[in-house]
Colleague: 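One structure coming up, written as structure tokens, with questions to follow.
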Number of protein chains: 2
Amino acid sequence: MAKRRTTQMSDVARAAGVSLMTVSNVLNGRPNVGADTRLRVLEVVDELGYEINLTARRLRTGRTGAVSLIVPRFDHQYYSELASRVSDALAPEGLHLVVEQSGAVRERELSALSLARLQQYDGVLLSAVGLGYDDLERMHPDVPIVLLGEQDVPDRYHRIQMNNTAGARLATDHLLACGARRIAVLGGRLESDRPDVATQRTEGWAAALRAADQEPDPALVIPVETFSLPEARAAIAARVSDGLDIDGVLGLTDEIAIGAMAGLRDVGRSVPDDVQVVGFDNLRISEHVAPGLTTIDPGHDAMVAEALRLLRQQMEEAATPPEHVVGTVALIERGSTLVRTARSSRSR
Amino acid sequence: MAKRRTTQMSDVARAAGVSLMTVSNVLNGRPNVGADTRLRVLEVVDELGYEINLTARRLRTGRTGAVSLIVPRFDHQYYSELASRVSDALAPEGLHLVVEQSGAVRERELSALSLARLQQYDGVLLSAVGLGYDDLERMHPDVPIVLLGEQDVPDRYHRIQMNNTAGARLATDHLLACGARRIAVLGGRLESDRPDVATQRTEGWAAALRAADQEPDPALVIPVETFSLPEARAAIAARVSDGLDIDGVLGLTDEIAIGAMAGLRDVGRSVPDDVQVVGFDNLRISEHVAPGLTTIDPGHDAMVAEALRLLRQQMEEAATPPEHVVGTVALIERGSTLVRTARSSRSR
DNA sequence: TTGAAAGCGCTAACAA
DNA sequence: TTGTTAGCGCTTTCAA
């Protein structure tokens, strides 16, 4: 493969009886070409089935027309929805999105290779769940880059993040207002060296409880290693059938919350009558499960818009001071929580 | 940007006091380098933070180490699960997956540009829902390529496809065996110029009905333009509240079937007691919705394995005769259909 | 074991 | 309006 020589610009030039530069000018839509010359060139291009070699163009110009989104996994809904939103937002600017997976692996050489890969794009959106603070500290990419995500990162990076604590607090306040008193936090983690999404959201849960004069009970913090739906389903089912007494669940993501609803069903609990459930992310699917999932909307569109603004800014001007944007959360009420009663409703 | 000159191989060579080729040899793990020289070079690489320019390497070698998967949309579960599977299967071979979106747009220039983009990869898996037969007929990519998908394509392409007709037949047989008699096909289409996923699966549905001495009723064929969950939900709800009498739904995809379950709920029908539902795809989420979705598993892993086999074969040897692989379907029974009664069960 | 020269296919800069 | 020259950063080839 790549053995048979493909037709190239010089072939087109020869066949059309013009110089190589004229072909280049035509294909790049530059104005300094006569109308008839342009036509002849395009004819020959079509005839020979010529396709420009983007690798050569890129080596020469340094530009690619492509932006990369790097996500930990392709098959978490959250990331595919993100990719879709980013792609839609880039299209009008003539940029094109390429999605790559970082995976969990951070082997020395793999990580080096992937850094080299970043340089192949005009800009990079890095959802850096898999990377630690130190990895980022060591990296000095020459590409415009914006970090998406919750974990702690060095200050020099541009960064967009959800308001995790406020969102989890809002969700927990809502569960309390709906009458729940024993609220588990599924996927939660009480402490870690560096703040990540799990600890931040667990903090929001704890803050809401304390504001309602409840001491957060560590027994209600149920870890979910992979943040995956099946693991969440199994975890909640196991705890409840072991006798854990709950009437509310804060799922740290919508996938976890949907898993929670399935797991509660597995052990004969009804949602929302026995146990109320709230998620976090407002995935598209969450509106369509049964019952509809009450959740926290992290302001997806605004976050994507901000991310692209920061990216564009860096692409236009090399050194812009790093910004740190935090999204605005909102509660979306659906059937997995009860209508607030007058007695238990509280002001926000 | 891209203005500030990045450190390159010649910088490393100078700093290490060796030639450029020695650096190249070290970085590519070639054997003809002395142990101490290798160490010194690696030290300098680390010190200068040198990263290889993959674009230059690619221009020179023609190889990229990357395979592209091109899907119509990022945010359909089916495609993100596919991406995940392909990525996992490529990793052991040292290849790396890049996912791009073809979109629905097929403007002349866009389509040409995207063809050029294909050449940037060592191989391409093209899920060509957006492209028509004629587009593919016109294309003569120089890259190893395997088409994934259901629509009609020129014979010269390697191609993997689900057994749509058999799958839909199996699903409909199952609904009949469970006692359903008025089975709608949501997302169905009775005819088109070229066979696509919708018509093939609708054919399977019709064949099953005919085998049970039912004449397929066109009123039971409910189109869903976008194959999206919300549209499916609205469509089934509208038909049923308009008085359409059904006791079974074949959703042409799992997303459509999940939408159907939500839509039926919206109009007060219970699944599976009033209406039984079967999907097609066996998405991961389908096991976790309420009730669990009975569906057709199209043999994902085998299809991915076959696709990569065909791709590898083309990468190793230029001209291999095109193969056309059809997957094997299987029924996955869950809560959205009733247990088969003795009376209505039938042999297959 | 190491190095010098040539060139992958394109475009920026400049010349005609 | 069109053409010539140089070179992007790397690897292949061949010579030392």
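Within every chain, numbering begins at 1; the chains are lettered A, B, ... in the order of the sequence lines, protein sequences first and strands thereafter.
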Colleague: Rounded to 10°, tell me the angle between the two end axes of the helix from C:dT1-D:dA16 to C:dA16-D:dT1, each built from five pairs.
Modeller: 30°

Colleague: Less than 4.0 angstrom between a side-chain N/O of B:S19 and OP1 or OP2 of C:dA4, yes or no?
Modeller: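 No.
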
Colleague: Quick test of your reading of the model: are A:E323 and A:R159 salt-bridged, counting only N-O distances below 4.0 Å?
Modeller: no

Colleague: For the pair B:R309 and B:E306, find out whether any cationic side-chain nitrogen is under 4.0 Å from an anionic carboxylate oxygen.
Modeller: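 Result for this pair is yes, salt bridge flagged.
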
Colleague: Could you tell me if A:H300 and A:E81 have a donor-acceptor pair between their side chains, going purely by distance under 3.5 Å?
Modeller: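 Note: A:E81 and A:H300 side chains miss the donor-acceptor criterion.
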
Colleague: Can A:R85 and A:D88 be said to form a salt bridge (charged side-chain N to carboxylate O under 4.0 Å, His left out), step by step?
Modeller: CA-CA 5 Å; A:R85 277 180 235 272; A:D88 290 348; over 6 Å; no

Colleague: In this structure, are over 12 heavy atoms from other groups packed under 6.0 Å from B:D155 atom CG?
Modeller: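 No, the 6.0 Å shell around CG holds no more than 12 heavy atoms from other groups.
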
Colleague: What integer distance in Å separates B:L59:CG from C:dG7:C1'?
Modeller: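 So the two atoms are 9 Å apart, to the nearest Å.
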
Colleague: Using whole Å, what does the distance between atom P of nucleotide C:dT1 and atom CZ of B:R40 come to?
Modeller: 15 Å

Colleague: Spell out protein contact along nucleotides 10-16 of chain D as letters: B when the base is contacted, S when just the sugar-phosphate is, - when no protein heavy atom is under 4.0 Å; keep the 5' to 3' order.
Modeller: BBB----

Colleague: Give one of base, sugar-phosphate or nothing for A:T37, where a contact means two heavy atoms less than 4.0 Å apart.
Modeller: sugar-phosphate

Colleague: State, without any angle test, whether A:T320 and A:H158 hold a side-chain donor-acceptor pair at a distance under 3.5 Å.
Modeller: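 Side-chain D/A pair, A:T320 to A:H158: present.
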
Colleague: Test B:D75 against A:S80 for side-chain hydrogen bond (donor to acceptor under 3.5 Å, both in side chains), laying out the working first.
Modeller: CA-CA 5 Å; B:D75 60 349; A:S80 42; over 6 Å; no

Colleague: Could you check how far CG of B:D36 sits from C1' of C:dT2, rounded to whole Å?
Modeller: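 Rounded to the whole Å, the gap is 12 Å.
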
Colleague: Starting at the 5' end of DNA chain C, which residue's closest nucleotide do you reach first, A:T55 or B:T22?
Modeller: B:T22

Colleague: Which residues satisfy the side chain to side chain contact (heavy atoms under 4.5 Å, CB included) test with A:S24, sequence neighbours excluded?
Modeller: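 A:S24 satisfies side chain to side chain contact (heavy atoms under 4.5 Å, CB included) with A:M9, A:M21, A:N28, A:R30 once adjacent residues are dropped.
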
Colleague: C:dG3 C1' sits how many Å from B:N32 CG, rounded?
Modeller: 11 Å

